[in-house]
Amino acid sequence: MFVALLEAAPDAMVCIAADGRVVLVNAQAERLFGYQRAELIGQPVEILVPDAARAVHPGHRAGYVADPRHRPMGAGRPLAGRRSDASTFPAEISLSAIDTDEGILVAAAIRDITAQLRVRDLERSSQSLESFIYSVSHDLRAPLRALSGYSGALLEDFGGILGEEGRGYAERIVAASEQMTQLIDYLLQLSRLSRAELHLQPVDLGGEAALIAEELQQGEPRRHVCFTIEKPVLALADRRLIRTVLQNLLDNAWKFTSGRDDASIEFGTAPSTDATVCCYVRDNGAGFDPAYAGKLFQPFQRLHAARDFPSTGTGTGLASVRQIVERHGGRVWAEGAVGAGATFYFTLDGKEGA
Amino acid sequence: MTSRIILLVEDNPDDEALTLRAFKKNQINNEVVMMRDGAEALAYLLPDGDGDGDGRPCPALVLLDLNLPKIGGLEVLRRMRADERTRLIPVVVLTSSKLEEDILDSYRNGANAYVRKPVNFSDFAEAVRTLGVFWLLLNEPVPSLGPESN
């Protein structure tokens with residue numbers, strides 16, 4: 001019965017007698033330490049203890065037998081086990097004592113925590129990256145405010161003395177600090193995106209697109225843009241994040257069709273597998289040179305000079321789009337030609353996909 | 001109106017200069033008392049000991065940065081809200097941070113408003129002007145804090 005229990009335990013189990021010799025092990029222990037059962041039985045348990053701790057181990061062991069309470073071993077110190085090939089692994093070990101006819105038996109449950117430690121390290125380093133990015137973005141903002149503030153004050157208070165050229169320079173400082181602010185904001189947003197939890201739910205992308213289209217139209221009521229929006233288009237997505245995707249794509253379409261009287265913007269779906277939805281946003285605007293298609297989704301890249309499209313952003317919109325879609329397990333790509341409009345595709349899990 | 005003072009808790013000298021300039025430019029002539037860290041602000045707002053703080057005018061508005069030396073802005077806010085003497089003083093958090101956590105924590109601890117310092121010069125000046133006009137002119141002060149009852 002006891003042996004059967006031992007075999008059924010999820011952890012590696014090693015039982016030793018009061019003299020420190022191994023009495024029983026389970027198959028998990030054989031695997032963990034790389035020994036056959038016969039090689040362990042009758043041996044001092046110290047062969048499973050890393051060399052560095054071997055000398056002190058018998059003392060600790062005697063201490064436990066003198067006061068055998070069920071407890072984790074090591075009192076918070078990092079523990080390790082030693083395999084047959086002399087390699088070691090970090091371990092969590094808990095001890096309990098069993099009274100038997102042959103005297104007291106000490107049962108040790110040993111768990112290899114290599115993977116747990118790795119996860120912990122990863123979490124720690126991603127947290128410190130997080131706080132690094134936060135403090136950088138916070139600390140950079142203050143000097144930028146000073147740059148923008150004092151050049152603005154120069155312009156306002158001493159604009160007359162500066163002359164036209166001097167004012168131009170000060171204006172450039174204001175503009176440059178503005179741009180750097182946006183870059184910092186983007187960094188912050190990226191880092192937030194990468195750690196944000198996804199709240200997946202069925203979202204009608206067509207409905208969201210229609211709302212955004214309405215806002216765009218209200219923002220510039222004089223423009224005539226023909227919107228064609230398919231709805232409903234249901235997909236599993238984080239509503240807030242996917243709205244950012246649609247917002248960025250439709251903003252772009254709106255912006256790059258600004259030169260046309262017959263502007264048209266379309267949101268729809270392309271044929272795809274059952275499990276995924278393939279959406280696109282298509283416009284008949286300025287388009288892009290397909291040679292640079294690969295650069296489109298990289299942060300801080302712009303294919304259009306700021307002077308052609310004055311409201312051109314920082315070149316981070318499409319990078320965010322890619323980041324969000326990839327967080328959802330989807331893909332983005334674009335097709336287009338100079339002067340012939342652009343189509344941006346992205347895939348998501350369908351409503352029934354997950 | 002000029003008798004009502006503004007407590008500006010700000011450790012960055014540039015932000016201080018630009019805030020003061022914006023007040024001046026916008027004819028907000030209230031006295032501004034500068035506090036350069038959280039401990040200084042608390043010592044002013046919540047003086048302990050006998051009569052140490054008597055005669056210090058109670059501010060009509062506290063503009064509070066979050067990232068402060070010694071005692072942080074959130075802690076200043078927490079202690080202000082825990083004390084009868086400062087519980088009702090309007091506090092506007094004025095900071096660089098737009099972290100959701102900071103915004104939430106500020107409101108949870110009783111901030112009356114949360115304003116992110118704009119980087120852009122004219123936006124910053126406009127934000128300071130709006131704050132001054134709203135909190136010192138438009139907003140009806142808590143009666144016991146108002147100048148009329150003094």
Side-chain angles (χ1 to χ4, degrees), chain A residues 127 129-159 162 167 169-197 199 238 240-241 244 313-314, chain B residues 8-28 32 34 36-38 63-69 72-74 92-106 114-132:
Chain A
Q127 260 171 16
L129 182 64
E130 194 60 41
S131 62
F132 171 73
I133 290 174
Y134 170 62
S135 73
V136 163
S137 70
H138 183 274
D139 294 349
L140 286 180
R141 211 181 293 275
L144 278 176
R145 230 173 8 250
L147 279 178
S148 171
Y150 289 123
S151 1
L154 266 182
L155 281 167
E156 267 191 29
D157 300 351
F158 304 95
L162 282 179
R167 282 195 298 275
Y169 293 156
E171 273 158 12
R172 286 187 183 211
I173 300 176
V174 173
S177 40
E178 187 88 338
Q179 195 196 353
M180 187 157 164
T181 311
Q182 289 172 359
L183 298 182
I184 293 170
D185 282 347
Y186 172 71
L187 265 184
L188 203 58
Q189 182 199 337
L190 255 196
S191 87
R192 207 176 300 148
L193 261 183
S194 60
R195 84 177 155 159
E197 236 177 86
H199 301 286
D238 182 298
R240 207 165 66 129
L241 292 179
T244 306
T314 49
Chain B
L8 179 58
V9 192
E10 172 64 70
D11 66 313
N12 183 315
D14 293 323
D15 284 345
E16 174 190 333
L18 293 169
T19 307
L20 294 179
R21 180 182 182 279
F23 278 137
K24 203 171 89 189
K25 284 269 161 183
N26 292 297
Q27 276 85 47
I28 296 167
V32 179
M34 277 309 304
R36 289 177 179 90
D37 65 57
L63 295 176
L64 182 64
D65 194 7
L66 287 185
N67 237 332
L68 291 169
L74 281 176
V92 174
V93 172
L94 188 59
T95 176
S96 292
S97 166
K98 64 168 183 185
L99 272 195
E100 272 174 30
E101 296 95 293
D102 284 341
I103 302 175
L104 262 177
D105 281 345
S106 298
Y114 189 103
V115 175
R116 190 166 180 247
K117 290 175 193 163
V119 168
N120 177 278
F121 165 70
S122 34
D123 295 348
F124 186 87
E126 178 59 20
V128 172
R129 188 191 73 81
T130 311
L131 278 177

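Source: prediction; values computed, not measured. Here is the naming used below: chain letters follow the sequence lines, and residue numbers restart at 1 for every chain.
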In terms of heavy-atom proximity below 4.5 Å to chain A, should B/K117 be classed as side chain, backbone, both, or neither? both
Is there side-chain contact between B/F121 and A/L147, with heavy atoms separated by less than 4.5 Å? no
Please give me the minimum heavy-atom distance between A/S177 and B/V119, naming the atom from each residue. O-CG1, 4.3 Å
Okay, B/T95 and chain A: the region with an atom under 4.5 Å from a heavy atom over there is side chain
Could you check whether any side-chain heavy atom of A/R145 comes within less than 4.5 Å of a side-chain heavy atom of B/D15, counting everything from C-beta outward? yes
What heavy-atom pair brings A/R141 and B/S96 nearest, and what distance separates the two atoms? NE-O, 3.6 Å
Are any of the side-chain nitrogens in B/K24 or A/D157 under 4.0 Å away from the carboxylate oxygens of its partner? no
More than 12 non-hydrogen atoms from neighbouring residues, nucleotides or ligands closer than 6.0 Å to CD on B/E100, yes or no? no
Where do B/D14 and A/Y150 come nearest, in terms of heavy atoms and distance? OD1-OH, 2.8 Å
The criterion is salt bridge (charged side-chain N to carboxylate O under 4.0 Å, His left out); which residues satisfy it with B/D102, sequence neighbours excluded? none
